[in-house]
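Comments concern the structure below.
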2 protein chains.
Amino acid sequence: MYKAAAASEWRSARRQSARDAIVDAAWRVVHAEGLAGLSLRDLAKVAGISTPTVYAYFESKNAIYDAMFGRAATEFADRMTEPYEAVDPREVLIAGFRRFIEFCTTDPARYQLLFQRTIPGFEPSPESFAPAVRALDSSCQRLAANGIRDPRHVDMWTAVTTGVVDQQISNDPGGRRWTDLVESAVDMFLAHCQGANRPRPRATTAKGRRRAPTNP
Amino acid sequence: MYKAAAASEWRSARRQSARDAIVDAAWRVVHAEGLAGLSLRDLAKVAGISTPTVYAYFESKNAIYDAMFGRAATEFADRMTEPYEAVDPREVLIAGFRRFIEFCTTDPARYQLLFQRTIPGFEPSPESFAPAVRALDSSCQRLAANGIRDPRHVDMWTAVTTGVVDQQISNDPGGRRWTDLVESAVDMFLAHCQGANRPRPRATTAKGRRRAPTNP
DNA sequence: GTCTATATCCAGATAGAC
DNA sequence: GTCTATCTGGATATAGAC
């Protein structure tokens, strides 16, 4: 009984690592050919296997996209929830924004898969989508630390941040034209929310470089 | 000589209207199948012609995308430059934002073609792209009327507006969750720019509902 | 599980008669 | 200019031997 269980476990691990290798190859193809340019032929060639073998691990092309989505979403959530050095809530918010930009601009294809709906028949499965929720939660925490809890303000934040990323990728790929607006955008946003909102950011012991609490 | 010129003109008009009909059909297919789902077979079927006939009018599939882009860009510029009823510069800015949102959300495929780069080998030709410049100019005019000329502020404006549209289309298609943030976003943006900038909006004789000029 | 071979289909694009 | 017929190539996916 024990031996059988161990063998099964081992097999399952082997299977998982084979799947991972295929997803690796898929990303390599996508980086070269674009997200829509993924073909199972190329994928198999890059992975060093034959096309039918791909079907031993994934039931369809969309299942591969789904696995790619799942990996990207996990990377995203992991990156966004890593500890932040800063203490001042505004600084933390800026740092999160910077991580978001860095994450998106370093891999536009990944950004396209995660945040835009451009593959015709593809919808991520709930399991693959789950980590994205974790990332959004962490954003809300950073906002809450700045006294921002109004859902409309949260929506405004997502609009501002994705707007900056979107313009950067679409109109100045590889550059910093919109990326350099981060601090400015955060100040604009915070002034808006904190001017119209009761709850203030918690005072901290850290250096608040400019955005000191404005009220008692 | 006159007869020949007239005949040539007539033929050229016929040719143009045939091209237009094909572009019509292309948009119909795209609305049904998605931007990437356009095939020349479907296109020909919808247009009521045969596939080779398409090649009598367009040299390739990308040439069709280009014509679609050109039409969309013209529609965009035309819409954005139509006269504005409001007089108060802030109201005009809001109205322009609303038009932009309306234009994008009523036809996400058109938005995708115009503002995102998602078709693998396709780049719009300079001629097709030209009207887009006209539209951007008109945006800058509406900003200038609010005293905003700093290029960084213009970039901030494009980030905010496209961010709202992007979130609306991606995360609440058909709804108004981000669309309803328009006034709020404009106030946030104007407060930011006008607080940090010397030039004020020109005073007008119209009802400035809330955003009266703040300085002498 | 992995392969070779192949089925099936559809894409963009062309030849050549009318 | 328009058609029928076809080329060429690539796609996803499957059959069946090993």
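In what follows, chains are A, B, ... by sequence order, proteins preceding strands, each numbered from 1.
The shortest side-chain heavy-atom distance between A/Arg98 and A/Glu183 falls under the 4.5 Å cut-off. Looking at heavy atoms from C-beta onward, B/Leu40 lies in side-chain contact with B/Leu43 at the 4.5 angstrom threshold. The side-chain heavy atoms of B/Leu136 and B/Met80, taken from C-beta on, include no pair separated by under 4.5 Å. The closest side-chain heavy-atom distance from B/Thr105 to B/Tyr111 is not below 4.5 Å. Side-chain contact between A/Arg99 and A/Glu82 is present, with at least one heavy-atom pair separated by less than 4.5 Å.
Ring planes of B/Phe97 and B/Trp157: perpendicular class, angle over 60° (limits at 30 and 60°). A perpendicular orientation is assigned to the rings of A/Phe189 and A/His153, their planes being inclined by more than 60° (bins at 30° and 60°). Between B/Tyr65 and B/Phe122, the two ring planes are tilted [angle within 30° to 60°].
Residue B/Arg15 is classed as a sugar-phosphate contact, given heavy-atom separations below 4.0 Å to backbone atoms only.
Note on residues 55-64 of chain B: no pairs pass side chain to side chain donor-acceptor pair (under 3.5 Å), not counting sequence neighbours.
Taking a 4.0 Å limit (strictly below) on heavy-atom distances, residues 24-48 of chain A does not reach DNA chain C anywhere. Proximity of residues 55-63 of chain B to DNA chain C (heavy atom under 4.0 angstrom from any strand atom) is restricted to B/Tyr55, B/Ser60, B/Lys61.
Two end axes, each from the C1' atoms of five base pairs, can be drawn for the helix from C/dG1-D/dC18 to C/dC18-D/dG1; they diverge by 10°, to 10 degrees.
Atom CD1 of B/Ile49 and atom C1' of D/dC3 are 11 Å apart (whole Å). The distance from atom CD1 of B/Ile22 to atom C1' of C/dG12 is 15 Å, rounded to the nearest whole Å.
Remark: B/Ser50 is in phosphate contact with D/dC3, judged by side-chain N or O atoms under 4.0 Å from OP1 or OP2. The shortest distance between the side-chain N/O atoms of B/Thr53 and the OP1/OP2 oxygens of D/dG1 is not below 4.0 Å.
Under the side-chain hydrogen bond (donor to acceptor under 3.5 Å, both in side chains) criterion, B/Ser184 pairs with A/His192, sequence neighbours left out. Taking the ring-ring contact (aromatic ring centres under 6.0 Å, His included) definition, one finds that B/Tyr84 meets it with nothing, sequence neighbours left out.
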